[in-house]
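Each chain gets a letter, A, B and so on, in the order its sequence line appears, and its residues count up from 1.
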Amino acid sequence: MPAGGIMAKGVTPRSEDFSQWYVDVVKAADLAEHSPVRGCMVIKPYGYAIWENTQRELDRMFKETGHQNAYFPLFIPLSFIRREAQHIEGFAPELAVVTIGGGKELEEPLAVRPTSETIIGEMYAKWIRSHRDLPLLINQWGNVVRWEMRPRLFLRTTEFLWQEGHTAHATAEEAEAETRQMLGVYRTFLEQYAAIPVIPGRKSEAEKFAGAHHTYTVEAMTGDKKALQAGTSHNLGQNFAKSFNIQFQDQNNEMHLVHTTSWGMSTRVIGGIVMVHGDDHGLRLPPRLAPIQAVVVPIWRKDDERERILAAAQALRARLRCRVHIDARPDLTPGYKFNDWELKGVPVRIELGPKDIEKQQVVLVRRDTGAKETAPQATLPERVDALLEEIQAHLFQQALAFREANTFVVNDYATFQKQNEEGGFLLAHWCGDGACEARIKEETKATIRCIPFDQKPEAGSCVVCGGLSQGLVVFAKAY
RNA sequence: CGGGGCGUAGCGCAGCCUGGUAGCGCACUGCGUUCGGGACGCAGGAGUCGGAGGUUCAAAUCCUCUCGCCCCGACCA
């Protein structure tokens with residue numbers, strides 16, 4: 001921690017009240033604020049820039065895996081959403097519905113999309129005729145609305161931004177491969193870019209997406225030891241193909257229903273980044289997603305010095321190979337700026353003052369550890385690049401170590417309940433019965449976050465009923 | 001929808017009990033001095049006191065109704 005561990009002004013200490021700390025950091029870092037409409041938020045430029053970086057990387061990965069972008073409309077006839085039984089059952093409580101347009105009662109109410117499977121299914125049924133039309137690999141960047149009871153900036157808002165991929169395939173195997181592949185993309189993004197370690201796995205029947213055959217998820221652990229679903233990928237089987245009659249003709253002239261998938265990641269990841277990496281000084285951004293990777297704080301005493309130093313700062317910036325901002329604000333002291341950029345989580349600070357100019361050096365401070373060093377200007381670009389890599393890796397390692405330190409194998413229900421009070425991920429045997437799952441949720445608020453992929457099968461007995469279990473699953477209280 | 005709290009300047013609050021010219025801190029504007037870990041002085045601008053009704057000579061303050069927001073619980077990316 002920088003500066004002897006003093007807290008940032010206006011930010012509640014994380015250990016004291018995590019929820020309040022989170023709200024304070026989001027506000028202090030200028031990421032977002034509440035809108036006049038309950039549950040909605042305004043994403044401010046600095047927060048949106050993180051989203052833009054997220055979009056850029058994800059979009060690249062989607063294109064690399066053969067997907068194309070398209071856009072489907074915000075309004076969906078309510079009858080479409082009703083067409084898939086599970087789907088409407090799951091989404092009905094959180095639908096926003098438009099009943100008036102142009103001053104007149106509409107003949108058919110329009111749902112504001114909570115997700116787009118149905119409208120896309122309707123269109124896919126028209127677009128797909130032949131096996132040659134498959135696979136159909138499309139992604140959409142957009143917004144959706146889910147009328148949430150308990151909103152929280154970024155983590156759960158009534159309207160949120162996301163991407164939703166929707167694909168159609170000839171065979172169940174291909175659909176399954178796609179579902180897995182895209183979960184892998186999310187994992188790569190989260191681990192390599194957001195520096196958030198995740199546990200990939202399958203959702204239980206109770207937790208899966210409304211209308212899915214099955215759902216995969218990547219689960220992260222936040223700084224208060226709760227679980228955060230950071231991305232999901234659904235194998236929809238033929239459920240939507242049936243409801244929307246999406247068929248293709250195969251090589252033998254026979255008609256078949258397609259197999260579809262959908263997968264999404266939302267602005268929630270920004271909340272995840274705050275909750276996983278933030279500290280008492282504010283945000284700590286992973287370099288690869290940071291809008292500003294290095295900030296230059298010039299230090300001067302007199303006007304002539306100021307000009308000289310700003311000129312030197314600009315010369316440095318021109319040589320650096322990362323996203324650099326020079327904080328030239330005239331009426332603020334360096335100390336204020338140090339704190340300000342720490343709140344905003346900028347990974348590297350470059351201090352440049354008269355002494356540095358003289359010695360052809362700078363002072364470098366890394367946000368993750370607060371460590372300070374002097375570095376020669378001659379090799380600064382290399383040093384900053386290396387530092388950014390180190391910080392990226394260190395944030396990931398730190399988050400991973402934290403998760404591991406707070407993951408526990410529990411074998412009996414009493415221990416489960418006790419440990420659950422302390423938080424963390426609980427690895428426990430589960431027989432697969434929804435009744436045991438429901439009882440745990442009811443009694444402890446912990447849910448099955450996922451049935452991890454990379455778990456060796458291991459016989460055991462269910463933590464609730466003692467029945468036969470094939471392996472450990474992850475339980476936790478979740479956001 | 002249940003339980004709690006709060007609406008007074010952009011933000012955070014005091015004033016209300018005991019009615020009498022609307023205040024403080026931060027932020028903002030201007031000028032000057034500062035500047036290597038949250039600077040200071042001087043001068044300024046800024047408020048339908050959430051809304052409606054009532055009591056009163058007089059309401060931010062008392063009464064009634066209402067609206068909104070936040071936090072805690074039941075649904076969820």
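Rounded to a whole angstrom, the distance from the C1' atom of B:C49 to that of B:C16 is 11 Å. Atom name C1', nucleotides B:G47 and B:A27: the rounded distance is 15 Å, in whole Å. As rounded to the nearest Å, B:G51 and B:U33 have C1' atoms that lie 48 Å from one another. For B:G20 and B:G15, the P atoms lie 13 Å apart once the distance is rounded to whole Å. To the nearest whole angstrom, the two P atoms, one in B:G19 and one in B:A59, are 13 Å apart. Taking the C1' atoms as reference points, B:C57 lies 34 Å from B:G45, given to the whole Å. Of the P atoms belonging to B:C17 and B:G3, the separation is 28 Å, rounded to the nearest Å. Separation of the P atoms belonging to B:G23 and B:G5 is 31 Å when rounded to the nearest angstrom.
In this structure, B:C65 and B:G51 make a Watson-Crick or G-U wobble pair, each of the two defining distances being under 3.5 angstrom. Base-pair partner of B:C1: B:G73 (Watson-Crick or G-U wobble, both distances under 3.5 Å). Pairing of B:A9, defined by two Watson-Crick or G-U wobble distances under 3.5 Å, is not identified with any nucleotide. Within the shown strands, nothing qualifies as a pairing partner of B:G45 under the Watson-Crick or G-U definition with both distances less than 3.5 Å.
A donor and an acceptor atom never sit less than 3.5 Å apart when one is taken from the side chain of A:Arg301 and the other from the base of B:G36. With hydrogens and angles ignored, a donor-acceptor pair closer than 3.5 Å exists between the side chain of A:Asp356 and the base of B:G36.
Taking the centre and axis of the six-membered ring of A:Phe209, the NZ or CZ atom of A:Lys203 falls outside the cone set by 45° and 6.0 Å. With a 6.0 Å cutoff to the six-membered ring centre and a 45° limit on the axis angle, A:Arg202 does not count as a cation-pi contact of A:Phe453. Geometrically, A:Arg268 does not engage A:Phe154 in a cation-pi contact, judged by NZ or CZ lying under 6.0 Å from the ring centre and within 45° of the ring axis.
As a whole-Å value, the separation of A:Trp300 CH2 from B:G36 C1' is 13 Å. Nucleotide B:G37 holds its P atom 15 Å from the NE2 atom of A:His281, rounded to whole Å. Note: OH (A:Tyr336) to P (B:C40) measures 13 Å, nearest angstrom. In this structure, CG of A:Leu332 is placed 13 Å from P of B:C40, rounded to the nearest angstrom. The nearest whole Å value for the distance from the CZ atom in A:Arg349 to the P atom in B:G37 is 9 Å. Computed from coordinates, the A:Leu352 CG to B:C35 P distance equals 17 Å when rounded to whole Å. We find that CG of A:Asp327 is positioned 14 Å from C1' of B:G37, with the value rounded to whole Å. One interatomic measurement links the two molecules: CZ of A:Arg329 to P of B:A39, which rounds to 12 Å at whole-angstrom precision.
Phosphate proximity of B:A39 to A:Thr333: present, with a side-chain N or O under 4.0 Å from OP1 or OP2.
As judged by a 4.0 angstrom heavy-atom cut-off over every strand, A:Gly264 is placed among residues making no nucleic acid contact. Looking at heavy-atom distances under 4.0 Å, A:Val269 makes no contact with the nucleic acid at all. Nucleic acid contact for A:Lys337: none, since no nucleic acid atom lies under 4.0 Å from a heavy atom of the residue.
In terms of modelled atom types and a separation under 3.5 Å, the side chain of A:Arg146 and the main chain of A:Pro114 share a donor-acceptor contact.
A donor atom on one side chain and an acceptor atom on the other are not found under 3.5 Å apart for A:Tyr48 and A:Asn53. With no hydrogens or angles considered, a side-chain donor-acceptor pair links A:Arg152 and A:Ser19 at under 3.5 Å.
Contact check on A:Glu342 versus A:Arg284 returns no salt bridge, with no Lys/Arg side-chain nitrogen under 4.0 Å from an Asp/Glu carboxylate oxygen.
Each of A:Lys27 and A:Pro354 was assigned the nucleotide of RNA chain B with the nearest heavy atom; the assignment lying further toward the 5' end belongs to A:Lys27.
Side-chain contact check for A:Glu219 versus A:Val198: every heavy-atom pair is 4.5 Å or farther apart.
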Handout entry: Candidate pair A:Phe240 and A:His87, rule ring-ring contact (aromatic ring centres under 6.0 Å, His included), full reasoning
Key = CA-CA 9 Å; A:Phe240 286 87; A:His87 195 64; 5.1 Å; yes
5' to 3', nucleotides 71-77 of chain B under a 4.0 Å protein heavy-atom cut-off (B base, S sugar-phosphate only, - none) gives -SSBBBB
